[in-house]
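Everything numeric here is computed off the predicted structure, so don't read it as measured data.
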Amino acid sequence: QVQLVESGGGLVQPGGSLRLSCAVSGLTFSNVAMGWFRQAPGKERAFVASISRSGNFPQYADSVTGRFTISRDNAKNTAYLQMNSLNTEDSAVYYCAASNTVYGGSPSNSYDNWGQGTQVTVSS
């Protein structure tokens, strides 16, 4: 059974940082690309970042480029999203997802398995 479990969300002040983790089990982690998406209230789920199977090809949404960094540790079967310079518009439920493609990318239908999400709230 494939499981993706996010952690690391919470409440942070504007300008602060958080690091999300996504622990994956039930599949060969090095054979999947990983992605992060987010969904704010009343909005559709949106692509945030993805990273290729090897970890050498990250991709980012324009809104987070320069502030967020995606990474993975294939030895630990875990993907990460380091989020810096957070602002209120970053508040959302963040989901990690696994893709059988090489690079992942932005289309949500490229992803076959999803986590349950972790809440990130940016507020003073």
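With a 6.0 Å cutoff to the six-membered ring centre and a 45° limit on the axis angle, Arg72 does not count as a cation-pi contact of Tyr80.
Ile51 and Tyr111 are assigned to two separate hydrophobic clusters, defined by single-linkage of ILVMFWY side chains at heavy-atom distances under 4.5 Å. Tracing side-chain contacts under 4.5 Å through hydrophobic residues (I, L, V, M, F, W, Y), one reaches Val122 starting from Phe68; they form part of the same cluster. Following chains of ILVMFWY side-chain contacts shorter than 4.5 Å, one can reach Phe29 starting from Val2, so the two form part of one hydrophobic cluster.
Annotation: side chain of Cys22 is not in contact with side chain of Tyr95 (no heavy-atom distance under 4.5 Å). At least one side-chain heavy atom of Leu4 sits under 4.5 Å from a side-chain heavy atom of Met34. Two residues are said to be in side-chain contact when any heavy atoms from C-beta on lie closer than 4.5 Å; Met83 and Tyr94 meet this criterion. In this structure, the side chains of Val32 and Leu27 come closer than 4.5 Å at one or more pairs of heavy atoms. At a threshold of 4.5 Å between non-hydrogen side-chain atoms, the residues Glu44 and Phe37 do not count as touching.
Atoms CD and OG, from Gln119 and Ser91 in turn, are 7.5 Å apart once rounded to the nearest 0.5 Å.
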Would you sort out whether Trp36 and Ser50 count as a side chain to side chain contact (heavy atoms under 4.5 Å, CB included), showing the intermediate values? CA-CA 6 Å; Trp36 287 94; Ser50 67; over 6 Å; no

Side chain to side chain contact (heavy atoms under 4.5 Å, CB included) between Ser110 and Tyr103: does it pass, once the steps are laid out? CA-CA 10 Å; Ser110 295; Tyr103 297 105; over 6 Å; no

Candidate pair Ser99 and Thr101, rule side chain to side chain donor-acceptor pair (under 3.5 Å), full reasoning: CA-CA 5 Å; Ser99 170; Thr101 65; 2.7 Å; yes

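Judged purely by atom type and a 3.5 angstrom limit, Ser123 has no side-chain atom pairing as donor or acceptor with the backbone of Thr121. The closest donor-acceptor contact from the side chain of Thr28 to the backbone of Ser30 lies at 3.5 Å or more, if one exists at all. Looking at Thr78, its side chain never comes within 3.5 Å of a backbone N or O of Asn74 through a donor-acceptor pair.
Sorted by first and then second residue, the salt bridge (Lys or Arg N to Asp or Glu O under 4.0 Å) pairs with a member in residues 90-100 read Arg38-Asp90, Arg67-Asp90; sequence neighbours excluded.
With sequence neighbours left out, Ser106 forms a side chain to side chain contact (heavy atoms under 4.5 Å, CB included) with Phe47.
The two residues Tyr60 and Ala49 come nearest to each other via the heavy atoms CD2-CB, 3.6 Å.
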Side-chain donor-acceptor pairs under 3.5 Å in residues 6-20, sequence neighbours left out?
unit_1	atom_1	unit_2	atom_2	d
Glu6	OE1	Gln116	N	3.1
Glu6	OE1	Gly117	N	2.9
Glu6	OE2	Cys96	N	2.9
Glu6	OE2	Gly117	N	3.2
Ser17	OG	Asn84	OD1	2.9

